[in-house]
Chemist: 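There's a structure below that I have some questions on.
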Amino acid sequence: MATELTAQPSGDSKRIPSVAILVAISSLSPFAMNIYLPSMDGMMKAFEASAGDIQLTMAFYFIAIAVGQIILGPISDQYGRRPVVVAGMFLFVIGSTLCLLAPTVEFLIGARIIQAFGGGAGLVLARAMVRDVYGREQAASMIGYVTMGMAVAPTIGPAIGGFLDEQYGWQGGFILMLVFGIGVAIFSWTHLPETIHNKAPVSVKKIGNSYYLLCREKMFWAFSAVAVFMAWLYFAYLGGAPFVAVSSFGLTAKEIGLYLMVVSLGYILGNYITGRIAARVGIIRMIAGGAVIGFFGVSLLLAGTLTDSLNGPLFFLPMFFIGLGNGISLPSAQSGAVSVRPELAGTAAGLVSFFQVGVGAVVSSLVAYMISAGVAGGDEMSMILVMFVGGVGGIISVAAVYAGEKQQNEFANT
């Protein structure tokens, strides 16, 4: 794969960011999201906290990313991508440092909010930077390549986190986050180019108008719904899998870390498929295929639970298909959403991420609550029921995309 993105022929002189730097800035947030999952049980003991309390370190992380996206997207449309991303990377370093110093779970939650707000800048703006230099169909392919590379960090993160937890306790993973964050902050400061040049002063009125224009677009809502429901599956899994793996299957932190790699491997494969064929097949078919594959993964989990045939490995194996479905559908859904109004690509990317991560915070917390409260037995069924709702929502959203696209084509042909 080439290390430089090649822009479409255009009349300006946009500088094109390398794939390496796009992967680096977009990897921080998912890396910090995943690496400490195997340590959750140990953190409960270290802070003398409940599962619900520890889950808040993830829920508020999601909320901070969501709020950050809705603010950072429009600011980057008007101030530029580079200054927003660089500031975010250094803010991530500050948050990671505070996580290591946390004396209480409440302090840790606050530090995670700072960490998430900073890391979220790269997560959303990497996609906007790709859209700055590509058309809709090719942007989906390039986002697929970028997210495939981005997925490497969260793929190995849980395994590394499980090993570091056994050796150094819960703080081991946070030390690695800090080191990674410092490296990416320096790399972005020295190598990240600007991809937009038509900037205007920031104003509350203009930001509000940007969101108003986006919210009037039916296709933006359709594409966003697909992205939200596909992410729903993943966040529901994150909210329950670490606790279920310990309580129902007796897995260790190291084993959980290794099994958590399954979903990321599926995601990487899905991103690779997207990068290879999305520009040729089209984003609508990619979205539909990914949603069906994701629903198939949830169905496998449900069937395994109903037949009482799940064990440790079989509990994680269906997540490969959910990761695969996400890898195939999400880049195309995101590309579709940010292409509805290309001049508002940063705003659109931020709003989609706000919806995804905001819903993710609710879903992951709901799963943790259902497990701790014994809803639907308080085991894996609690998690699977929530995932099933997300799978159905994804299929319905795909139908909305098809209907909207058909209506647009009919209007264009009249």
Side-chain angles (χ1 to χ4, degrees), residues 33-59 61 105 108 154-174 176 233-267 297-323 363-388:
M33 186 189 303
N34 284 13
I35 190 173
Y36 85 122
L37 292 179
S39 300
M40 281 187 159
D41 191 61
M43 292 169 70
M44 289 172 56
K45 299 172 183 175
F47 289 105
E48 298 181 350
S50 67
D53 292 333
I54 297 301
Q55 180 59 37
L56 289 178
T57 66
M58 179 174 290
Y61 186 90
V105 69
L108 181 62
T155 297
I156 63 175
I160 296 174
F163 173 79
L164 292 175
D165 180 87
E166 289 197 349
Q167 299 297 317
Y168 307 106
W170 69 268
Q171 291 177 311
F174 285 90
L176 187 56
L233 302 180
Y234 179 64
F235 286 123
Y237 159 75
L238 288 185
F243 303 115
V244 172
V246 173
S247 62
S248 297
F249 304 113
L251 300 181
T252 66
K254 189 174 181 179
E255 290 172 329
I256 293 171
L258 291 173
Y259 284 129
L260 283 170
M261 293 175 65
V262 171
V263 62
S264 294
L265 290 173
Y267 190 66
V298 177
S299 299
L300 287 180
L301 274 174
L302 181 60
T305 300
L306 293 177
T307 59
D308 197 27
S309 59
L310 289 182
N311 54 29
L314 292 180
F315 172 65
F316 286 96
L317 182 60
M319 287 305 303
F320 173 85
F321 295 100
I322 293 172
V363 168
S364 63
S365 297
L366 175 62
V367 170
Y369 167 77
M370 290 175 67
I371 291 174
S372 61
V375 178
D379 52 16
E380 66 272 14
M381 181 57 79
S382 301
M383 181 188 78
I384 293 170
L385 288 176
V386 176
M387 293 176 72
F388 188 81

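Residues: numbered from 1 along the sequence shown.
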Chemist: Can you list everything that forms a side-chain contact (heavy atoms from CB on, under 4.5 Å) with Leu37? Sequence neighbours excluded, please.
Modeler: Asn34, Met40, Met58, Leu238, Pro242, Leu260
Chemist: Give me the atom names and distance for the closest heavy-atom approach of Leu164 to Gly172.
Modeler: CD1-O, 3.5 Å
Chemist: Ignoring hydrogens, what is the shortest heavy-atom contact between Ile371 and Ser382? Give both atom names and the distance.
Modeler: CG1-CB, 4.0 Å
Chemist: Calculate, to the nearest 0.5 Å, the distance between atoms CG and OG1 belonging to Leu302 and Thr307 respectively.
Modeler: 9.5 Å
Chemist: Locate the shortest heavy-atom distance separating Ser248 from Glu380; write the atom from each residue and the value.
Modeler: OG-OE1, 3.6 Å
Chemist: Grab the two heavy atoms, one from Pro318 and one from Leu314, that are nearest each other, plus how far apart they are.
Modeler: CD-O, 2.9 Å
Chemist: Looking at every heavy atom in both Phe249 and Gly312, which two are closest together, and how far apart are they?
Modeler: CD2-N, 3.8 Å
Chemist: What residues, two or more places apart in sequence or in another chain, satisfy ring-ring contact (aromatic ring centres under 6.0 Å, His included) together with Phe321?
Modeler: Phe296
Chemist: Quick one: pull up CE in Met387 and OG in Ser299 and give me the separation to the nearest 0.5 Å.
Modeler: 10.5 Å
Chemist: Could you give the distance from CG (Asp165) to CD (Gln171), rounded to the nearest 0.5 Å?
Modeler: 11.0 Å
Chemist: Count the heavy atoms belonging to other residues, nucleotides or ligands that lie under 6.0 Å from CD of Gln167, then report whether that count exceeds 12.
Modeler: yes
Chemist: Nearest 0.5 angstrom please: Met381 CE to Leu310 CG, how far?
Modeler: 9.0 Å
Chemist: Does Thr252 reach the main-chain N or O of Glu255 with its side chain, forming a donor-acceptor pair under 3.5 Å?
Modeler: yes
Chemist: Sequence neighbours excluded, which residues qualify as ring-ring contact (aromatic ring centres under 6.0 Å, His included) partners of Phe320?
Modeler: none
Chemist: Kindly compute the distance separating NZ (Lys45) from CD1 (Ile54), expressed to the nearest 0.5 Å.
Modeler: 12.0 Å
Chemist: Would you please name every residue forming a side-chain hydrogen bond (donor to acceptor under 3.5 Å, both in side chains) with Tyr259, sequence neighbours left out?
Modeler: none
Chemist: Check ring-ring contact (aromatic ring centres under 6.0 Å, His included) between Tyr237 and all other residues, then give those that pass, not counting sequence neighbours.
Modeler: none
Chemist: Once you round to the nearest 0.5 Å, how far does CE of Met33 lie from OH of Tyr234?
Modeler: 6.5 Å
Chemist: Does any part of the side chain of Leu251, heavy atoms only, come nearer than 4.5 Å to the side chain of Phe315, both counted from C-beta?
Modeler: no
Chemist: For Ile384 and Leu301, which heavy atoms make the closest approach, and how far apart are they?
Modeler: CD1-O, 3.6 Å
Chemist: Checking Phe47 now: which residues fulfil ring-ring contact (aromatic ring centres under 6.0 Å, His included) with it, not counting sequence neighbours?
Modeler: Trp170
